Amino acid sequence: MLQQSQAPITRPITTAHLATTMSLMSLTAIELQERIEAELASNPALELGDRHYCTSCGRPQAEKGSCPVCSRLSTGSGEEPIVFVSPREDFYLPSRQSTSNGIPSDEIIAETDDLPTYVLRQIAPELAPDDRLLAAHLLTSLDEDGLLRVPLIEFARYHHRPTSHIEQILRLIQRADPVGVGSPSPQGALLVQLEVLGETQSIPPMTDQAIRQGMDLLSRRHFTELGKLLGISTSRVKQIARFISDNLNPYPARSHWGSVHQGVEPAQDVYHFPDILISRLNDNPDSSLVVEVISPLAGMLHLNSLFRQSIHLAPPDKVDEWQNDLEQASLLIKCLQQRNHTIVRLMQRITAIQRHFILHGDAFLEPLTRASLADELQVHESTISRAVAGKAVQLPNGKIVPLSKMFDRSLHIRTELRQIIAHECRPLTDTEIAALLKKKGHRVARRTVAKYRAKEGILPAHLRQPLQTAG
DNA sequence: CTATGGCACGGATT
DNA sequence: AATCCGTGCCATAG
């Protein structure tokens with residue numbers, strides 16, 4: 001309501017308008033940047049203006065005027081989140097690392113102890129300064145398991161380097177201390193570890209093939225089937241599985257693989273660069289949340305006024321084309337604004353509703369559906385779907401999670417489940433867990449408990465506290 | 001016999 | 001219209 005009257009954006013919606021907005025809506029920050037750059041390259045009516053900076057904090061801004069963060073510094077508390085479009089492009093790097101010469105030398109790195117810096121310290125000597133920045137980029141994109149689930153092509157595009165170059169660096173990373181870090185999947189991590197291990201000790205035959213061809217069977221412990229696939233006996237397979245769980249770790253960032261883990265396909269939860277950053281304005285418990293909707297080049301796009309003025313000078317056969325370029329350009333700008341505006345409104349609601357989740361973690365996730373938000377915001381459900389799909393948000397604690405996590409219907413139950421199992425004295429069966437959950441007010445079937453366990457990577461009861469191991 | 005995973009169906013969600 | 005998720009039934013492993 002507010003926004004409709006104040007926004008210069010609302011005008012009779014044409015089908016082109018609608019189509020463009022829709023297509024922009026589903027793009028991630030990086031895709032958006034590519035899209036805009038392509039348009040800039042092909043459309044002379046579009047012009048890239050100067051970037052605006054906040055005069056007090058220096059933060060790049062989408063609009064001239066006082067920075068939304070600075071202007072709230074004094075009053076920055078309460079439930080109301082500060083949501084705005086931010087054109088910053090250094091979002092993928094911890095701010096400390098962005099010096100002009102790439103990654104600063106070891107003194108600075110040595111300060112912290114997190115995984116990225118730990119690995120970087122090991123491999124930095126072997127890298128050219130430029131490559132250190134790239135390596136840092138790769139390392140900061142690891143997920144919590146130490147896997148790199150971002151397609152390499154994204155880095156290649158971003159740094160304008162061939163993928164082979166990225167692979168070369170990645171290879172160094174993978175062979176550094178938590179061996180296998182930076183692999184694209186648990187499977188990849190195992191293979192790297194196997195390779196490194198093989199250089200110093202002997203490994204059971206067929207282990208490599210078992211991992212390559214039968215990873216999912218392996219993780220589901222379907223040893224008989226796997227044996228058939230590989231043409232070896234079940235006991236051999238068990239031997240291999242034993243070797244793997246003793247010596248290898250599919251999640252390099254975790255210390256040991258206590259859980260033989262989710263049978264789900266790898267492809268689904270790909271981590272992207274964050275499209276949205278959420279941080280706290282200050283350290284007060286009731287601090288406002290600062291939400292930056294990343295939109296590359298926001299506020300820098302204009303219609304090229306020279307082009308516009310000279311349209312009447314166009315050669316007769318080009319008039320239509322030039323006119324078209326102008327319309328195209330103005331359409332893009334308007335739709336971009338509309339897209340960002342919608343996402344801002346969306347995030348405003350989401351961060352208000354999920355404030356506790358954002359600050360305090362999974363257990364505090366509120367049940368939330370896209371449909372209800374669509375209703376509140378007076379937009380089509382599909383708009384919300386598109387706006388949420390494929391995007392990632394960086395939480396105040398630095399974790400990057402898919403935006404769709406905010407809509408997870410079962411997460412809070414799954415965290416309950418994890419707690420129950422963490423506190424159990426004796427392995428509880430699924431049926432018992434279901435009963436416990438019911439007491440806590442979560443009505444779920446026994447079968448569903450099993451699914452949740454799988455999703456959380458928790459072993460079945462009889463394998464959790466094994467009194468003895470077979471084999 | 002019990003606990004669990006696979007498969008498949010139906011309802012909800014996107 | 002397509003997809004995801006919870007659930008019931010049945011086969012299988014221990």
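All values reported here derive from a predicted model rather than from experimental measurement. Side chains are part of it too, since the values below use all heavy atoms of this structure and drop only hydrogens, waters and symmetry mates. So you know, we letter chains A, B, ... as the sequences are listed, proteins then strands, and number each from 1.
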## Note on the structure
Scanning both residues in full, the closest heavy-atom pair of A:S382 with A:M22 reads OG-CE, 4.3 Å
### Summary
Rounded to whole Å, OH of A:Y452 lies from P of C:dT7 at a distance of 7 Å
### Query
Would you call A:D362 and A:R414 a salt bridge, using N to O less than 4.0 angstrom?
no
### Query
Can you list every pair that meets salt bridge (Lys or Arg N to Asp or Glu O under 4.0 Å) and has a residue in residues 370-386 of chain A, with sequence neighbours left out?
A:R349-A:E376
### Query
Taking CG from A:L417 and P from B:dT4, how many angstroms apart are they, rounded to a whole number?
12 Å
### Task
If a pair satisfies salt bridge (Lys or Arg N to Asp or Glu O under 4.0 Å) and one of its residues is in residues 184-198 of chain A, list it, with sequence neighbours excluded.
A:R171-A:E195, A:R175-A:E195
#### Entry: Sugar-phosphate, base or nothing in reach of A:S382, heavy atoms under 4.0 Å
nothing
### Summary
Separation of B:dT4 atom C1' from A:I458 atom CD1, nearest Å, is 15 Å
### Task
Assign A:R453 to base, sugar-phosphate, or nothing according to its heavy-atom contacts below 4.0 angstrom with the strands shown.
sugar-phosphate
### Message
For A:R370 and A:T431, find the nucleotide of DNA chain B closest to each by heavy atoms; which residue's nucleotide sits nearer the 5' end?
### Response
A:T431
### Interatomic distance, A:R414 CZ vs C:dC5 C1' [rounded to whole Å]
11 Å
### Of A:V449, A:T431, A:I420, the residue whose pairing with A:L436 passes side-chain contact (heavy atoms from CB on, under 4.5 Å)
A:I420
### Task
Decide whether A:S295 and A:N340 meet the rule of one side-chain donor and one side-chain acceptor closer than 3.5 Å.
yes
### Task
Can you tell me the distance, in whole Å, between the NE2 atom of A:H462 and the P atom of C:dA13?
12 Å
### Query
Hey, can you pull the residues of residues 438-451 of chain A with a non-hydrogen atom under 4.0 angstrom from DNA chain B?
A:R446, A:R447, A:A450, A:K451
### Message
Whole angstroms only, please: what is the CE-P distance between A:M22 and B:dT14?
### Response
16 Å
### Query
What is the distance from CG of A:L428 to P of B:dA3, rounded to the nearest Å?
12 Å
### Distance flag, aromatic centroids of A:H159 and A:F155, threshold under 6.0 Å
no
### Query
Between A:E381 (CD) and C:dA2 (C1'), how many Å, whole number?
14 Å
### Task
Identify which nucleotide among B:dG5, C:dG6, B:dT14 has an atom closest to any side-chain atom of A:T369, counting heavy atoms from C-beta outward.
B:dT14
